[in-house]
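Just below is one structure, and these are the notes that go with it.
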Amino acid sequence: MTQDYRITLLPGDGIGPEIMAVTVDILNAIAPRYNLHFTFQEALIGGAAIDAVGNPLPTETLETCRKSDAVLLAAIGGYKWDSLPRELRPETGLLGLRAGLELFANLRPAQILPQLIDASSLKREVVEGVDIMVVRELTGGIYFGQPKGIFTTEAGEKRGVNTMAYRESEIDRIGRVAFETAQKRDRRLCSVDKANVLEVSQLWRDRMIALSAEYPDVELTHLYVDNAAMQLVRSPKQFDTIVTGNLFGDILSDIAAMLTGSIGMLPSASLGASGPGVFEPVHGSAPDIAGQDKANPLAQVLSAAMLLRYGLNQPDPASQIEAAVLQVLEAGYRTTDIQSPGTTVLGCQAMGQALLNALDAAA
Ligand code: IPM
Ligand code: MG
């Protein structure tokens, strides 16, 4: 019997529509082999939604997402909308989607593929074998804490305020996801905070230590965020699973991503306690190369693999997509962002075709 899934597509801005088109072709190609059928529904988000209906996250978009089994998002944002007031910025749409679907856990894997070692800006011996999972808290911390805003003091001076706050329950639920993630990996969890300065981090650390009693098979360590940033570029192999708050996770996941040579390779999964997850590349909308068929679609394609694995519990087609990605890299195909001497540079669409060929060859 064919299993039908409803998937909401949010192509968004910049290179989003191009990498989404490639990915949908791949999902359609793989579906019949596993008796799956995808019903895709496209919805507006980010700058595209601002232009169409004046709101970066239209109500219909959130409803469509809620009614689906999983959401595949490409990227949002661009110069065009950068000067709009905050409530009309594309980023506000993305944050609203995360909050609206209560996607508190963001999984960002950074794995060095042997084929791409030379694309890394770090030495081969430093990055070879790196395999890190950053578990970032996504709906709390300074991104959402109150009070926030730009206020005027009694003396008439403007004062910008954001608040980094975490409740115990918020720390515990991301902590559990992180410990369980570590259990499926190398059972080493590093919690990153700034407990030497911030009270919110002290509570974070206290809760992680308390939780660790429930996971005696996982080794818990702690690093201050500044040291963690340094260690990530100094000797990244020491890390297995990292758990951290929203802002630190935003920053550290970009560093971890870049170890692999290109942020254009990395997928992510944002999950809640129940309901559909959102799967999206870690990279942004790259407006500078949008519409030129230069984008690297691989992070988007790998996000679709994460959607299958974590969102729909379909690990087999997920593995097949991941294998196809490795195969095209092995064959020497690259987009410009990951090219190195002796490789064949392809555009976005041609890379998509190469992936389809690899899937056909495997059938
Ligand atoms: C990310 C991005 C977003 C974030 C922006 C676009 C709001 O940088 O997903 O890492 O800061 O979370
Ligand atoms: Mg970021």
Side-chain angles (χ1 to χ4, degrees), residues 10-16 19-20 44-50 55-57 61-62 65 71-110 132-145 148 162-164 166 170 174 192 225 228-229 232 242-260 262-272 277-288 290 295 299-300 302-303 306-307 310 337:
L10 304 174
D13 308 319
I15 59 169
I19 58 177
M20 186 65 93
L44 290 165
I45 192 167
I50 297 169
N55 175 353
L57 182 66
T61 295
L62 202 49
C65 290
V71 178
L72 189 63
L73 168 68
I76 53 102
Y79 317 122
K80 183 176 170 193
W81 305 282
D82 275 352
S83 50
L84 290 173
R86 183 151 311 275
E87 65 278 12
L88 285 180
R89 297 272 303 253
E91 289 80 0
T92 304
L94 178 59
L95 297 178
L97 179 72
R98 291 173 179 170
L101 297 176
E102 292 181 69
L103 306 170
F104 66 88
N106 185 213
L107 308 186
R108 297 191 160 184
I132 300 172
M133 178 70 91
V134 179
V135 180
R136 169 188 177 194
E137 199 290 326
L138 203 59
T139 51
I142 198 166
Y143 273 53
F144 292 93
K148 61 154 72 188
N162 288 91
T163 304
M164 190 185 283
Y166 272 115
E170 288 174 297
I174 190 69
V192 174
V225 62
L232 269 171
I242 292 176
V243 62
T244 189
N246 207 341
L247 179 62
F248 300 160
D250 178 45
I251 299 165
L252 295 181
S253 62
D254 268 26
I255 301 180
M258 203 57 210
L259 298 174
T260 69
S262 173
I263 199 167
M265 289 301 298
L266 296 194
S268 80
S270 304
L271 308 168
V278 172
F279 301 83
E280 58 174 308
V282 171
H283 65 69
S285 58
D288 51 323
Q300 184 75 64
L302 292 169
S303 298
M306 281 192 104
L307 180 152
Y310 294 98
D337 57 317

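This is a predicted model, so every value here is computed, not measured. Every number for a ligand or one of its atoms is a count from 1 in the order of the listing.
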Quiz item: Which pair of heavy atoms, one from Leu97 and one from Cys65, lies closest together, and at what distance?
Solution: CD1-SG, 3.9 Å

Quiz item: What atoms of ligand 1 come closer than 4.0 angstrom to any heavy atom of Arg136?
Solution: 1 (C), 4 (C), 9 (O), 10 (O), 11 (O), 12 (O)

Quiz item: Do side-chain atoms of Ser253 reach the backbone of Gly249 as a donor and acceptor pair under 3.5 angstrom?
Solution: yes

Self-check item: ligand 1-proximal atoms of Arg98, by part, heavy-atom distance under 4.0 Å
Solution: side chain

Exercise. Answer yes or no: is there a donor N or O on one side and an acceptor on the other, between the side chain of Glu137 and the main chain of Thr139, under 3.5 Å?
Key: yes

Practice problem: From atom 5 (C) of ligand 1, work out which of His283, Glu91, Arg108 has a heavy atom at the shortest distance. | Solution: Glu91

Quiz prompt | Smallest separation among heavy atoms of Ser268 and Ser303, with atom names | solution = N-OG, 3.8 Å

Quiz item: Within the side chain of Lys148, is there an N or O that forms a donor-acceptor pair under 3.5 Å with the backbone of Ile142?
Solution: no

Quiz prompt | Number of protein N/O/S atoms that sit closer than 2.8 Å to the Mg ion (ligand 2) | solution = 1

Exercise. Please name the pair of heavy atoms, one in Leu138 and one in Ser270, separated by the smallest distance, quoted to 0.1 Å.
Key: CD2-OG, 3.4 Å

Self-check item: ring pair (Phe, Tyr, Trp, His ring centres under 6.0 Å) partners of Tyr310, counting only residues at least two apart
Solution: none

Quiz item: Within the distance-only criterion (no hydrogens, no angle test), does the side chain of Thr92 pair as donor or acceptor with the backbone N or O of Arg86 below 3.5 angstrom?
Solution: yes

Quiz item: Please state which protein non-hydrogen atom is closest to atom 4 (C) of ligand 1 and give its distance, to 0.1 Å?
Solution: Tyr143 OH, 3.5 Å

Quiz prompt | Identity and distance of the protein heavy atom lying nearest atom 10 (O) of ligand 1 | solution = Asp250 OD1, 2.9 Å

